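Input: a single structure, listed below in structure tokens.
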Amino acid sequence: MKTYSTKDIRNVVLIGSTRSGKTTLSEAMLYEGKVIDRRGSVEGKNTVSDNSEIEQINQRSIYATPLYAEFMDTKFNIIDAPGADDFVGGAISAFRVCDTAILVANAQQGVEVGTEIFARYADKYNMPVILAVNQLDGDKASWEGTLDSLKEAFGQKPVIVQFPVNVGAGFDGFVDVLKMKYYHFKDDNGTREDLPIPESLQAQAEELRGELIERAAEFDDGLMEKYFDTGVLTEDEIRKGLGIGIREQAIYPIFCLSAKKDIGVKRLMEFTIRVAASPAEKKELTKDGVEVECKADAPTTLFIYKTAVEQHLGEVAYFKVMTGKLVEGQDLENPETGDKERITAIYAVAGKKKEKVSELVAGDLGCTVKLRAGKTDATLAQLGAETVYEHIKFPKPRYRTAIKPVEQKDDEKMNEALNRISAEDPTIIVEYSKELKQTVLKGQGEQHINIVKWRLRNENKIEIEMSAPRISYRETITKVSAANYRHKKQSGGAGQFGEVHLLICPIVEGQPMTNKFKIDGKDLVLNVKGQESFDLPWGGKLEFINCVVGGAIDARFMPAILKGINDKMSEGPLTGSLARDIRVYVYDGKMHPVDSNEISFVLAARNAFKEAFRSAGPKIMEPIYNVEVITPGDYMGACMSDLQNRRALIEGMDTDKGFSVLRARVPLAEMYKYSTALSSMTSGAATFSMEFADYQPVPGDVQEKLLKAYMEQESEE
């Protein structure tokens, strides 16, 4: 393969709903680019993309697959992204290194759930879009129906560049109103003939060309002026206007396809090369917000957007050369960690096919192997360079489950495998919670997690169990309480003695500290001698106040008393959950000149705190999440009702680009398998995000259930 200059590279990502035909389209693109001489099929399980066993079993994309074609003296890099929202991480990674998205719509279904979801992602990540209406050869294909759904979903953005002829099983060509030609296909291998537009279609073609010219003129003052003067634009001028509109994400040009028959694929590639942006036109942001131009005459930097472990190769790092030129044997470093790397080999990638090349220039995509420190989302740069590119903003997890091996002996093996899977897919997050005593696996949805389960069983031979994860409850108090405890132990020789009197009260934001209390009808005024405040690792605060006078407890025992309180804070008296937001006054006690020691005061403080806590109006607090649901308006009522059944507090409703947006505060305990339930009640049309908000007291009935469950657990143990 020759080395391509930055201006002769196009990086595109194929997005769209599951079964819209993205993988079949990528296969046709590789065929047109002479990378393969025979097109495979998803049903035949022999496509260059979708080449893993799990993808072939499911007959759909699960991983984003990098590919390339050489076409019109251009390196046409393609990333075939999955079509299910559960696997959106692959598309997000691709957005980071691509310059244009080809959004594939199924002419038999029109705009589907996945079409709209991925269009929203493209909009969010500022990705220009070209629309490809595929499967026009399908028995149920409808051009008019698809156009109507595109306009309903995307408003004025869709603009027709081509319209089909003989839609359905006989689909064999289309009229291109940009070139004003009729493209007829003689077979199922993309053999086309360029013909004059049939007279019966001439009026429709001229009308649509007029609309195309009008839309193209909108984006350039010079073109608009010429259009007003003459009413026409040349083909190159139309391309120029469309190019500006695409870059501004103001228009989505529409192309006609049957990827299965290789109809329209070559023309789509031609248009993309001539009109879509090259990497040279895109500026990348660094971690510090500095814009960097993609230039070949700059120091070498590259960004790793994906890693995978592949048979016979080991760990493979997929990257984009952001600046400069990457050559075999070059030494680079990770500017964030200082780790050095030598690039021992460089490959152009088409699925499992890796073609070795000697160099890649700025803007090109490729891969290398056996990096020690080159992980997903990392920058590698020429030695001494300090450029670190902005990290990928992956969506937060929406599904969580506890996971453990069936055989305890597989625990370490399972954790190692999970860490490898997470390194390949950063939207999979693995955490061991000491608090919950569970390994918690987080992902984008139940399908996402089931793929992890399949990989553990089939690739690593580990049988696992999944269950609802425990909830990180917190305990706190609502009123003032006092208690004392004497620890006394005599067992021959030195004994143990320590007595602690303490008072506790809740820390309430905005409420000042006081030293005056009424306990059992008696006024108590404390003499504050010292005060310490601690931000607890699990959230909230502990304030420790020394009010001991007259030497009742020696100052050297105060750290032991604090330790005893901390011990009990980390194992709350109600359910063993972590306690927070408590102010503790130690105001009296006793000690023995011989038998008092640190352990005595640790135990006395623990027990005094425990007794005071149980009399202080104890409350269990639960984590609350801010949840945002985006749904078609037809499902708004069902979504709201379901959330209210989950103890949600509805905070507001809005609309965004034709969708209803529902915002609510929901207890985490009620969110288990919510992604599955939401998909079921909306036929997959809704999506949601969730983010931790704060802790709030649980309702009384819920607290009773939690206390009962904890007591049963205690008795079993």
Side-chain angles (χ1 to χ4, degrees), residues 397-404 431-442 446 449 465-479 481 504 506-508 536 538-540 568-582 609-627 629 639-651 664-678 680-681 688 690-717:
R398 296 175 289 191
Y399 189 97
R400 56 196 295 274
T401 183
I403 182 172
K404 67 177 183 179
E431 293 175 350
Y432 178 75
S433 171
K434 291 182 180 178
E435 176 189 350
L436 304 178
K437 300 180 178 63
Q438 287 182 318
T439 297
V440 179
L441 183 63
K442 301 177 184 178
E446 193 166 8
I449 297 300
E465 294 176 346
M466 292 181 176
S467 60
R470 300 181 186 118
I471 302 298
S472 300
Y473 291 108
R474 298 288 182 262
E475 298 180 14
T476 193
I477 56 174
T478 60
K479 62 182 184 180
S481 175
I504 64 175
I507 297 174
V508 180
L536 299 170
W538 51 85
K568 206 58 198 166
M569 291 278 285
S570 64
E571 185 189 328
L574 286 183
T575 60
S577 302
L578 300 165
R580 57 178 280 168
D581 298 325
I582 298 174
F609 179 83
K610 180 179 179 180
E611 288 185 19
F613 192 99
R614 286 180 169 171
S615 303
K619 287 291 291 182
I620 299 173
M621 303 177 74
E622 63 182 340
I624 304 295
Y625 276 67
N626 289 327
V627 174
V629 179
C639 291
M640 186 182 300
S641 176
D642 179 75
L643 284 175
Q644 288 171 333
N645 289 336
R646 295 172 185 269
R647 298 194 285 122
L649 174 65
I650 306 297
E651 292 206 312
R665 286 166 54 84
V666 192
L668 179 62
E670 305 292 343
M671 291 298 290
Y672 182 55
K673 291 195 174 182
Y674 178 66
S675 63
T676 308
L678 181 66
S680 177
M681 80 178 79
F688 78 103
M690 55 188 287
E691 190 166 1
F692 173 73
D694 55 22
Y695 274 86
Q696 292 294 326
V698 301
D701 60 327
V702 176
Q703 178 154 321
E704 287 300 317
K705 289 178 184 176
L706 293 172
L707 290 173
K708 184 179 178 182
Y710 183 69
M711 284 190 290
E712 289 174 355
Q713 180 186 325
E714 290 272 276
S715 61
E716 287 174 8
E717 293 177 355

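Since the structure is predicted, the reported quantities are computational estimates derived from the model, not experimental observations.
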Taking it one step at a time, do E475 and L578 satisfy side chain to side chain contact (heavy atoms under 4.5 Å, CB included)?
-> CA-CA 6 Å; E475 298 180 14; L578 300 165; over 6 Å; no
Is D694 salt-bridged to R665, cutoff N-O under 4.0 Å?
-> yes
If you measure from CD on Q438 to OH on Y432, what distance do you get to the nearest 0.5 Å?
-> 8.5 Å
Rounded to the nearest 0.5 Å, what separation is found between the OH atom of Y695 and the CG atom of L668?
-> 8.5 Å
Shortest non-hydrogen pair, S481 vs A616, comes out as CB-CB, 3.6 Å
Under a 4.5 Å cut-off applied to non-hydrogen side-chain atoms, are I620 and R474 in contact?
-> no
For atom NZ of K610, is the number of surrounding heavy atoms from other residues, nucleotides or ligands below 6.0 Å larger than 12?
-> no
To the nearest 0.5 Å, tell me how far T575 OG1 sits from Y473 OH.
-> 8.5 Å
Mind telling me whether Y625 and F692 have parallel, tilted or perpendicular rings, with 30° and 60° as the class edges?
-> perpendicular
Heavy-atom check, side chain of I403 versus side chain of V440, under 4.5 Å = no
Quick one: pull up CD1 in I471 and CD in E435 and give me the separation to the nearest 0.5 Å.
-> 10.5 Å
If you look at every heavy atom in S467 and T401, which pair is closest and at what distance?
-> O-OG1, 3.1 Å
Mind checking the CG-CE spacing from D581 to M621? Nearest 0.5 Å is all I need.
-> 6.5 Å
Answer yes or no: is there a side-chain heavy-atom contact under 4.5 Å between L678 and V629?
-> yes
Given the rule in the side chain to side chain contact (heavy atoms under 4.5 Å, CB included) test, do L643 and I650 qualify, once you have shown the distances and angles that lead to the verdict?
-> CA-CA 8 Å; L643 284 175; I650 306 297; 4.3 Å; yes
Taking every non-hydrogen atom, the tightest pair across K442 and I449 | C-CD1, 4.0 Å
To the nearest 0.5 Å, atom OG of S615 lies from atom NZ of K479 at 7.5 Å
Looking only at heavy atoms, what is the nearest atom pair of R646 and A677, with distance?
-> NH2-CB, 3.4 Å
Over all atoms of both residues, closest heavy-atom pair of R614 and P573 = NH2-O, 3.5 Å
Side chain to side chain contact (heavy atoms under 4.5 Å, CB included) evaluation trace for L441 with Y399 | CA-CA 8 Å; L441 183 63; Y399 189 97; over 6 Å; no
Residue pair M690 / N626, side-chain heavy-atom distance below 4.5 Å | no
Taking atom types as modelled, is there a side-chain donor on T439 or E431 under 3.5 Å from an acceptor on the other?
-> no
K404 atom NZ: more than 12 heavy-atom contacts under 6.0 Å = no
Give a yes or no on whether a salt bridge exists between E446 and K673, defined as a side-chain N under 4.0 angstrom from a carboxylate O.
-> yes
Taking the side chain as every heavy atom from C-beta outward, state whether L574 and Y710 have any pair of such atoms under 4.5 Å apart.
-> no
Any side-chain heavy atom of R470 sitting closer than 4.5 Å to one from K437?
-> yes
What heavy-atom pair brings A579 and W538 nearest, and what distance separates the two atoms?
-> O-NE1, 2.7 Å
With a 4.5 Å heavy-atom cut-off, do F688 and C639 have their side chains touching?
-> no
K619 side chain near I477 side chain, heavy-atom distance below 4.5 Å = no
Any salt bridge between R647 and E622, counting N to O under 4.0 Å?
-> yes
